[in-house]
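Please read these numbers as outputs of a predicted model, since none were measured by experiment.
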Amino acid sequence: MGRVRLEAITWDRLGDLIAERLLDLKPADDSPWPRIAFDGAPAARPGDLAERVADALRPRGRSALVVGTEGYLRPASLRFEHGRQDVETYYDGWFDTGALWREVFGPLESDGDGRVLPDLLDPVTDRATRSPYVQLPPGAMLLLHGPLLLHHWFPFDFTVHVRLSPAALRRRTPQEEHWTLPAYEWYETETAPGDTVDVLVRADDPRHPAWNG
């Protein structure tokens with residue numbers, strides 16, 4: 001990633017400022033539902049930031065649905081087809097991108113009906129969640145969070161990347177998940193999310209984030 005000037009900020013302030021930016025967001029395809037990515041490794045906790053932004057949007061008169069890609073994992077039989085620690089499968093095959101297109105992005109296209117399924121598979125039980133569909137009114141926002149989001153060509157209207165340095169990522173990732181770390185090295189090389197997103201957040205110290213302002 002190229003050198004980017006970052007400024008210290010609090011998480012609460014960051015949620016407020018991102019929410020302010022989103023208020024006037026107009027999707028390029030004229031969809032009435034803006035789609036925002038909160039990209040980051042699990043150790044970076046991008047879902048926490050997505051929830052903060054959703055909370056900041058509500059008093060500003062905008063509703064938001066927070067969806068995590070962990071609810072769209074492929075079944076274990078497919079994820080572990082080549083072993084439980086296959087990095088290539090983790091990088092390209094753990095998440096059911098087809099289902100995300102069908103159940104999340106498709107309904108939010110310009111001619112969609114706004115009826116979104118918030119999750120499909122329970123990652124603990126490996127069974128269908130049977131969650132009800134959520135009807136998003138025009139103007140409501142999708143806040144999708146998860147790892148490796150930006151190399152799937154999803155139609156995001158605004159992107160946020162919560163970045164950890166390689167050392168911080170290793171330190172904050174549980175030992176039993178260290179086998180996934182090469183996937184994030186590939187992601188940095190192939191996608192360079194820090195160079196392309198609208199908002200870059202550095203979270204090496206979870207108490208003291210910084211952002212590109």
Side-chain angles (χ1 to χ4, degrees), residues 1-2 4 6 11 35-52 66-101 103-105 118-129 142-154 156 159-197 199-211:
M1 185 183 73
V4 178
L6 300 175
W11 287 112
R35 297 143 297 195
I36 297 91
F38 289 83
D39 176 59
R45 303 184 67 84
D48 289 357
L49 181 55
E51 293 286 357
R52 286 180 184 273
V66 178
V67 174
T69 58
E70 72 273 8
Y72 276 87
L73 286 170
R74 300 174 78 198
S77 60
L78 298 176
R79 298 200 310 273
F80 303 141
E81 184 178 6
H82 300 291
R84 289 184 170 269
Q85 297 187 358
D86 185 80
V87 180
E88 290 188 13
T89 301
Y90 179 73
Y91 189 63
D92 276 324
W94 264 44
F95 297 97
D96 193 340
T97 55
L100 280 165
W101 277 102
E103 303 290 359
V104 177
F105 288 103
D119 51 54
L120 188 63
L121 189 79
D122 186 317
V124 176
T125 65
D126 198 43
R127 294 180 181 275
T129 59
L142 168 72
L143 310 184
L144 182 71
H145 64 86
L148 311 172
L149 281 180
L150 305 181
H151 78 132
H152 294 300
W153 300 102
F154 290 136
F156 292 117
T159 52
V160 179
H161 176 61
V162 186
R163 185 179 187 271
L164 298 178
S165 68
L169 179 59
R170 176 171 290 275
R171 184 172 65 250
R172 292 171 57 185
T173 298
Q175 181 69 37
E176 64 271 19
E177 297 175 14
H178 275 193
W179 65 271
T180 65
L181 297 179
Y184 295 102
E185 295 177 14
W186 300 347
Y187 187 54
E188 286 289 337
T189 299
E190 295 182 3
T191 307
D195 295 338
T196 60
V197 292
V199 171
L200 173 65
V201 181
R202 187 184 66 205
D204 289 1
D205 183 342
R207 301 165 299 176
H208 304 291
W211 77 316

Atom [atom1] in [X], atom [atom2] in [Y]: separation rounded to 0.5 Å?
| X | Y | atom1 | atom2 | answer |
| --- | --- | --- | --- | --- |
| Trp179 | Arg84 | CH2 | CZ | 10.0 Å |
| Glu185 | Thr180 | CD | OG1 | 10.0 Å |
| Leu200 | Leu6 | CG | CG | 5.5 Å |
| Arg74 | Leu120 | CZ | CG | 12.0 Å |
| Asp96 | Thr69 | CG | OG1 | 11.5 Å |
| Leu143 | Arg52 | CG | CZ | 14.0 Å |

Atom of [X], atom of [Y] and distance for their closest heavy-atom approach:
| X | Y | result |
| --- | --- | --- |
| Leu150 | Thr191 | O-CG2, 3.7 Å |
| Pro123 | Leu73 | CB-CD1, 3.6 Å |
| Leu121 | Ala128 | CD1-N, 4.0 Å |
| Ala203 | Leu164 | O-CD2, 3.2 Å |
| Leu169 | Ala43 | CD1-CB, 4.2 Å |
| Ala168 | Asp204 | CB-OD1, 3.7 Å |

Given side chains that start at C-beta, do those of [X] and [Y] come closer than 4.5 Å, heavy atoms only?
| X | Y | answer |
| --- | --- | --- |
| Phe38 | Leu144 | no |
| Phe156 | Asp39 | no |
| Thr97 | Phe154 | yes |
| Asp126 | Arg79 | yes |
| Phe80 | Trp94 | yes |
| Pro147 | Tyr184 | yes |
| Trp101 | His152 | no |
| Trp11 | Val201 | yes |

_Assess the residue pair His145 and Glu70 against the criterion (side-chain contact (heavy atoms from CB on, under 4.5 Å)); give the C-alpha distance rounded to whole Å, side-chain angles, the decisive distance to 0.1 Å, and a yes or no._
CA-CA 9 Å; His145 64 86; Glu70 72 273 8; 3.7 Å; yes
*Mind running side-chain contact (heavy atoms from CB on, under 4.5 Å) on His151 and Tyr91 for me, showing each step along the way?*
CA-CA 10 Å; His151 78 132; Tyr91 189 63; 3.6 Å; yes
*State whether the number of non-hydrogen atoms from other residues, nucleotides or ligands found under 6.0 Å of Arg45 atom CZ is greater than 12.*
no
*For atom CZ of Arg35, is the number of surrounding heavy atoms from other residues, nucleotides or ligands below 6.0 Å larger than 12?*
yes
*Run the numbers on Val160 and Leu49 for side-chain contact (heavy atoms from CB on, under 4.5 Å), then give the verdict.*
CA-CA 9 Å; Val160 179; Leu49 181 55; 4.0 Å; yes
*asked:* Under the criterion side-chain contact (heavy atoms from CB on, under 4.5 Å), I'd like the reasoning laid out for Arg163 against Glu188: C-alpha separation, chi angles, the key distance, then a yes or no.
replied: CA-CA 10 Å; Arg163 185 179 187 271; Glu188 286 289 337; 4.0 Å; yes
